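Below is one structure, written out as structure tokens; comments come after it.
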Amino acid sequence: MYAFLIIIIPTVLTYYFVASGERETVPVAFIGFIISVIVCAIKAFFSFSHHIFRANFLSNYAYIALAYSIVPIAVVYAVFIVFSGDTMKFRIKAYFPLLCAFFAVYIPYTTLAGSRTAYDVFELFFKPTLYALMLCLSSVCLRYGYCAYVDNDKKSDSIIWTTIFAASLLVPAAIETMWLIRLPFALWLILWCAYAFFASSSFICAMHDTATEKGFSIFLPWNIKKGAA
């Protein structure tokens, strides 16, 4: 029953390494995995996993956004940047494998340890996929935002990429909160599908670097050249 929850994020990470041929950041993924094991062990021994949710969108949204995206990503990536002696280009490249390996442990643990409804289809299937997509989309925004920033002719685009990056981290929490407070199924499902479409399209285009035009057309799947795998 929990197989999909456990394997979906590692599967996405494996697909990234296999399809892109990227090997340089494999050790970084191992670091992310170790950090996650340590964090989850600390949570297991020294903190109470069950959070009492209330029938209020904003309070639930704030907790989910902080606990599942903003704080983990900010802290783990900041620690990596501080202690990494690599170039900024490598640090940008390392964002996805580092955090994907971290979330591969963090999401299953927090879901199973902190949920009273761990048998719900959302938590078993939709949630882990959603956060895998979040890492895909945010990594694309980080990569293209950095490229725009170092390109003197496209510095203004970096502001737009930064905005999309922020949105990519905040939307999953909104979707989960909509499910949590039992809004109509169709509302959060439509938003989930739209998010999945743009996240997966942009990630595949960016991973193979096959967009016919550099820029925001990366979000459209028909910009993938024929023959790209």
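Since the model is a prediction, treat every value here as computed from it, not as a measurement.
Linking ILVMFWY residues whenever their side-chain heavy atoms come closer than 4.5 Å, directly or via other members, places Y77 and V75 in the same cluster. One hydrophobic cluster, built from ILVMFWY side chains closer than 4.5 Å, cannot hold both I92 and I159; they sit in different ones. If you chain together hydrophobic residues whose side chains sit under 4.5 Å apart, Y15 and I9 fall into the same group. One hydrophobic cluster, built from ILVMFWY side chains closer than 4.5 Å, cannot hold both W179 and I190; they sit in different ones. Linking ILVMFWY side-chain heavy atoms closer than 4.5 Å, directly or via other members, places L187 and F185 in a single hydrophobic cluster.
Judged by distance alone, the side chain of Y61 and the main-chain N or O of M178 form no donor-acceptor pair under 3.5 Å. Using modelled atom types, no side-chain atom of Y144 and backbone atom of A206 make a donor-acceptor pair closer than 3.5 Å.
Between the CZ atom of F165 and the OG atom of S139 there is a distance of 9.0 Å, given to the nearest 0.5 Å. Taking CG of N60 as the reference point, atom CD1 of I181 lies at 7.0 Å (rounded to 0.5 Å). Rounding to the nearest 0.5 Å gives a distance of 9.5 Å between OG1 of T177 and CG of L183. Residue L98 holds its CG atom at 10.0 Å from CD1 of I73, rounded to the nearest 0.5 Å. The OG1 atom of T162 sits 8.5 Å away from the CG atom of L142 when rounded to the nearest 0.5 Å. Taking OG of S59 as the reference point, atom CD1 of I64 lies at 9.0 Å (rounded to 0.5 Å).
A heavy-atom distance below 4.5 Å is found between the side chains of L137 and S202. You'll find the side chain of L112 reaches within 4.5 Å of the side chain of L5, heavy atoms only. Taking the side chain as every heavy atom from C-beta outward, Y2 and P108 never approach each other to under 4.5 Å. Looking at V171 and F198, their side chains never come closer than 4.5 Å, going by heavy atoms from C-beta outward.
Applying the side-chain hydrogen bond (donor to acceptor under 3.5 Å, both in side chains) test to Y95 and every residue at least two apart in sequence or in another chain returns S138. With sequence neighbours excluded, the residues forming a ring-ring contact (aromatic ring centres under 6.0 Å, His included) with Y16 are F96, listed by chain and number. In this view, F17 satisfies the ring-ring contact (aromatic ring centres under 6.0 Å, His included) rule with no residue, not counting sequence neighbours.
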Residues 124-136 side chain polar contacts: donor-acceptor under 3.5 Å, at least two apart:
{"residue": "K127", "atom": "NZ", "partner": "E176", "partner atom": "OE2", "Å": "3.1"}
{"residue": "T129", "atom": "OG1", "partner": "F125", "partner atom": "O", "Å": "2.8"}
{"residue": "Y131", "atom": "OH", "partner": "E176", "partner atom": "OE1", "Å": "2.8"}

Check: residues 25-38 side-chain donor-acceptor pairs under 3.5 Å, at least two apart:
{"residue": "S36", "atom": "OG", "partner": "F102", "partner atom": "O", "Å": "2.7"}
{"residue": "S36", "atom": "OG", "partner": "Y106", "partner atom": "N", "Å": "3.2"}

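Between S168 and P172, the shortest heavy-atom distance links the atoms O-CD, 3.2 Å. Residues P72 and F103 share a closest heavy-atom pair of CB-CZ, 4.1 Å. Of all heavy-atom pairs between L58 and N56, the closest is N-OD1, 3.1 Å.
Relative orientation of the F90 and F80 rings is tilted, given thresholds of 30° and 60° on the angle between their planes.
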Trace of the side chain to side chain contact (heavy atoms under 4.5 Å, CB included) decision for F122 with I175: CA-CA 10 Å; F122 180 89; I175 296 172; 4.3 Å; yes

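Among pairs with a residue in residues 65-91, none fulfils salt bridge (Lys or Arg N to Asp or Glu O under 4.0 Å), at least two apart in sequence or across chains.
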